[in-house]
Amino acid sequence: MPLRLQMLGTGSAFAKKYYNNNAILYAEDYTLLIDCGITAPLSLHQLDKSLDEIDGILITHIHGDHVGGLEEFAFRMKFIWGRKPVLYIADKLVHPLWEHTLKGGLTQEGIASLEDAFEVKVLSEGTAHHLSPCLSVELIQTPHIPGKDSYSLYINGETFYSADMIFQRDLLTRLVEERNCRKILHEVQLQGPGQVHTELKQLLSLPAEIRRIILLMHYGDEMENFIGQTEEMEFLRQHQIYTL
Ligand SMILES: O=c1ccn([C@@H]2O[C@@H]3COP(=O)(O)O[C@H]3[C@H]2O)c(=O)[nH]1
Ligand SMILES: [Zn+2]
Ligand SMILES: [Zn+2]
């Protein structure tokens, strides 16, 4: 059965209309939350999804629009469901996620580390990890903020899910030409210089055969003004279910 994708939000960090760019990935035997930003708990509530329906959470990097909902997620799982959420995380993000983001809010009797709050599954970069028989994820480190580790995802050996990232033409070309990539879910910055993101005009400079498999996400509130200006690339929409 093909994977399905439902975005909890599709907005950039400062967007107010589209919520944080977080996704639910449905495999036949596994439901994965990709990133859990500030608006993720509200969006799950609006979908009438119980946190217990999420089998695991994977985070791409440490910015509020990608991890800002983890404290609420962990507390609700502990006090309502009596268990820890499964958290997939790159080895290099374990320390900063706890020390720089979650420690202040989650620390109390019985919670003194990331492992006390989550069932932590550390992922190494560059190899496909099977989260279940029907779902594999490879972390690909991609540049975003200097000095800050950030990971894009290669899912089931055919779908690329970009983290927030600076444009990587060679990576996208290699994935399509050498690694059988069939779908690219890509962040986009519609206006202004893309110092830490990928500009629309950079994605437009890709050949049509790559543009054809790109869906756009992590966009600003001005998105409606860009409809019809993205060639073959369509904007992902919040809560719509896509078959990948
Ligand atoms: O050097 C920097 C660092 C950050 N920022 C902004 O802060 C936001 C943080 O979340 P984000 O990664 O989704 O988007 C980022 C940008 O909008 C920036 O413009 N330049
Ligand atoms: Zn972001
Ligand atoms: Zn970011």
Side-chain angles (χ1 to χ4, degrees), residues 3-16 18-27 30-81 83-107 111 113-123 129 131-132 135 137 139 144-145 148-153 155 161-165 185 187 217-218 236 238-239:
L3 293 174
R4 288 174 305 137
L5 176 88
Q6 186 172 36
M7 301 303 291
L8 288 184
T10 54
S12 62
F14 307 148
K16 297 292 169 263
Y18 300 119
Y19 288 47
N20 298 150
N21 196 82
N22 308 157
I24 309 178
L25 191 63
Y26 302 99
Y30 204 87
T31 299
L32 180 70
L33 180 58
I34 302 175
D35 285 328
C36 182
I38 299 155
T39 59
L42 176 59
S43 186
L44 285 165
H45 173 76
Q46 289 168 342
L47 285 174
D48 209 18
K49 288 238 175 282
S50 145
L51 302 192
D52 199 40
E53 293 174 56
I54 305 294
D55 295 312
I57 309 165
L58 188 157
I59 66 157
T60 60
H61 70 293
I62 300 175
H63 269 151
D65 55 323
H66 302 269
V67 299
L70 284 175
E71 177 183 313
E72 177 177 335
F73 205 112
F75 275 144
R76 282 173 57 199
M77 287 300 287
K78 178 178 173 67
F79 295 117
I80 297 170
W81 296 98
R83 71 173 175 90
K84 298 188 238 181
V86 172
L87 180 67
Y88 295 97
I89 180 167
D91 42 11
K92 285 192 258 181
L93 297 183
V94 172
H95 178 81
L97 179 63
W98 178 252
E99 291 296 330
H100 305 155
T101 302
L102 294 177
K103 185 178 179 178
L106 283 173
T107 296
I111 307 179
S113 67
L114 191 65
E115 292 75 12
D116 289 335
F118 296 90
E119 195 74 46
V120 179
K121 312 263 190 196
V122 178
L123 301 181
H129 296 270
L131 312 193
S132 76
L135 180 62
V137 178
L139 301 183
H144 176 33
I145 309 284
K148 198 171 182 68
D149 295 308
S150 183
Y151 299 87
S152 296
L153 314 175
I155 300 162
Y161 182 103
S162 88
D164 294 356
M165 65 182 239
L185 312 167
E187 70 119 296
M217 59 185 188
H218 205 286
L236 281 166
Q238 186 188 31
H239 293 176

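Computed from a predicted model, the values in this text were never measured in an experiment. Residues: numbered from 1 along the sequence shown. What's counted below: heavy atoms across the whole structure, side chains too, no hydrogens, waters or symmetry copies.
Separation of atoms CG (L123) and CG (L139) is listed at 5.0 Å; rounding is to 0.5 Å. We find the CD1-CG distance between I80 and L51 to be 7.0 Å, quoted to the nearest 0.5 Å. One distance of note links CD1 of I38 with CD of E72; it measures 11.5 Å at 0.5 Å rounding. Separating the CD1 atom in I54 from the CZ atom in F73 is a distance of 5.5 Å, to the nearest 0.5 Å. If you take CG on D149 and NZ on K92, they are separated by 4.5 Å, rounding to the nearest 0.5 Å. Annotation: the span from L5 atom CG to I155 atom CD1 amounts to 8.0 Å, rounded to 0.5 Å.
Side-chain contact between F75 and I111 is present, with heavy atoms from C-beta onward closer than 4.5 Å. At least one side-chain heavy atom of Y19 sits less than 4.5 Å from a side-chain heavy atom of Q238. Between I62 and L93 there is a side-chain heavy-atom pair separated by less than 4.5 Å. Annotation: side chain of I89 is not in contact with side chain of L58 (no heavy-atom distance under 4.5 Å). Looking at heavy atoms from C-beta onward, T31 lies out of side-chain contact with K49 at the 4.5 angstrom threshold. Between L44 and L8, the closest side-chain pair of non-hydrogen atoms falls below 4.5 Å. Side-chain contact check for L25 versus L135: some heavy-atom pair is nearer than 4.5 Å. Put simply, the side chain of Y26 reaches to within 4.5 Å of the side chain of Q6, judged on heavy atoms.
Across all non-hydrogen atoms, the minimal contact from S152 to S162 is OG-CA, 3.6 Å. Closest of all the heavy-atom pairs between M165 and E187 is N-OE2, 2.5 Å. Contact detail for L131 and Y30: the closest heavy-atom pair is O-CE1, 3.8 Å. Taking all atoms of both residues into account, the shortest heavy-atom contact from D35 to I59 is OD1-CA, 3.2 Å. Here the closest heavy-atom approach between residue A15 and residue G11 is recorded as CB-CA, 3.9 Å. When all heavy atoms of H61 and S150 are compared, the pair lying nearest together is CB-OG, 3.4 Å.
Few gaps surround NE2 on H239; more than 12 heavy atoms of other groups in view lie less than 6.0 Å from it.
Paired with H218 under the rule side chain to side chain donor-acceptor pair (under 3.5 Å), one option of D65, N21, N20 passes, and it is D65.
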**OP:** Under the side-chain contact (heavy atoms from CB on, under 4.5 Å) rule, what do Y88 and H129 come out as? Steps first, then yes or no, please.
**Re:** CA-CA 10 Å; Y88 295 97; H129 296 270; over 6 Å; no
Original post:
Checking side-chain contact (heavy atoms from CB on, under 4.5 Å) for the pair L106/W98: CA distance, chi angles, key distance, verdict?
Top reply: CA-CA 9 Å; L106 283 173; W98 178 252; 3.9 Å; yes
**OP:** Go through M77 and D52 one step at a time and tell me if the side-chain contact (heavy atoms from CB on, under 4.5 Å) criterion holds.
**Re:** CA-CA 7 Å; M77 287 300 287; D52 199 40; 4.3 Å; yes
Original post:
Going through the checks in order, is the side-chain contact (heavy atoms from CB on, under 4.5 Å) test met by L97 and L70?
Top reply: CA-CA 10 Å; L97 179 63; L70 284 175; 4.1 Å; yes
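Without hydrogens or angle criteria, S43 side chain to T39 main chain gives no donor-acceptor distance under 3.5 Å. Under a 3.5 Å cut-off, the side chain of E99 and the backbone N or O of P96 do not form any donor-acceptor pair.
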Donor-acceptor list for residues 113-121 side chains, cut-off 3.5 Å, not counting sequence neighbours:
from	atom 1	to	atom 2	distance (Å)
S113	OG	E115	N	3.4
S113	OG	E115	OE1	3.4
S113	OG	D116	N	3.3
S113	OG	D116	OD2	3.3
D116	OD2	A112	N	2.8
D116	OD2	S113	N	3.3

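Inspection of the D164 and H66 side chains reveals an N or O donor paired with an N or O acceptor under 3.5 Å.
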